[in-house]
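Notes for the one structure printed next.
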Amino acid sequence: MTIEQRVIIRVPMLRRPPPKRMDIEWKERKGPKCIDLKRLRAAAVTSPRGVDLMLSGRERMRALLGRECGPEDLYSGLYVQPNEDGALCSGRDRVLSRSGADCPIRKLVRLVPEEEDE
């Protein structure tokens, strides 16, 4: 007898950015290869290039998706399937949408407010 267990984590989607942050322009900077899933708090579709991931510590990353997926596939919500290391990594992991899309994460980039970039 073989027993398999599969865990999928639902990531809550923000419908719109918080009012105090609406006027901020975000710049993409080099990001890490992986992020710890324990730090992931929410996600939002704010760019045609990918999905923004809100992390603990008020940090923000953008997961750039493979060409076969568009962020519009993720408006209804997204799921991630954790690996044994507990990290979400570019080039390895995927995000799954409620509508059935299976989107590879091509790259993770760090988002910084434009005024901090100067």
Any [X] side-chain heavy atom under 4.5 Å of [Y] side chain:
X     : Y      : result
Leu40 : Leu55  : yes
Arg94 : Cys103 : no
Arg62 : Thr46  : yes
Leu74 : Leu65  : yes
Leu88 : Met61  : no

Only one of Val109, Leu111, Leu53 forms a side chain to side chain contact (heavy atoms under 4.5 Å, CB included) with Arg60, so which one is it?
Leu111

Residue set satisfying side chain to side chain donor-acceptor pair (under 3.5 Å) with Ser90, at least two apart, ordered chain then number -> none

How would you list, by chain and number, every residue that makes a side chain to side chain donor-acceptor pair (under 3.5 Å) with Asp93, sequence neighbours excluded?
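Side chain to side chain donor-acceptor pair (under 3.5 Å) list for Asp93, sorted by chain: Asn83.
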
Closest approach of [X] and [Y], non-hydrogen atoms and distance?
X     : Y      : result
Tyr79 : Ser97  : CD1-C, 4.4 Å
Cys89 : Ile105 : O-CB, 4.3 Å
Asp85 : Ala87  : OD1-N, 3.1 Å

Do any N or O atoms from the side chain of Arg41 and from the backbone of Lys38 form a donor-acceptor pair under 3.5 angstrom?
yes

Main-chain N/O of Gly66 paired to Arg106 side chain as donor or acceptor, under 3.5 Å:
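No; judged by distance alone, with no hydrogens or angles, the pair does not exist.
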
Is there a path of hydrophobic side-chain contacts, each under 4.5 Å between heavy atoms of I, L, V, M, F, W or Y residues, that connects Val51 with Leu64?
no

Flag yes if Leu108 and Leu37 sit in one hydrophobic cluster, no otherwise; membership is Ile, Leu, Val, Met, Phe, Trp, Tyr, and two members link when side-chain heavy atoms are under 4.5 Å apart.
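Per the 4.5 Å side-chain linkage, Leu108 and Leu37 are co-clustered.
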
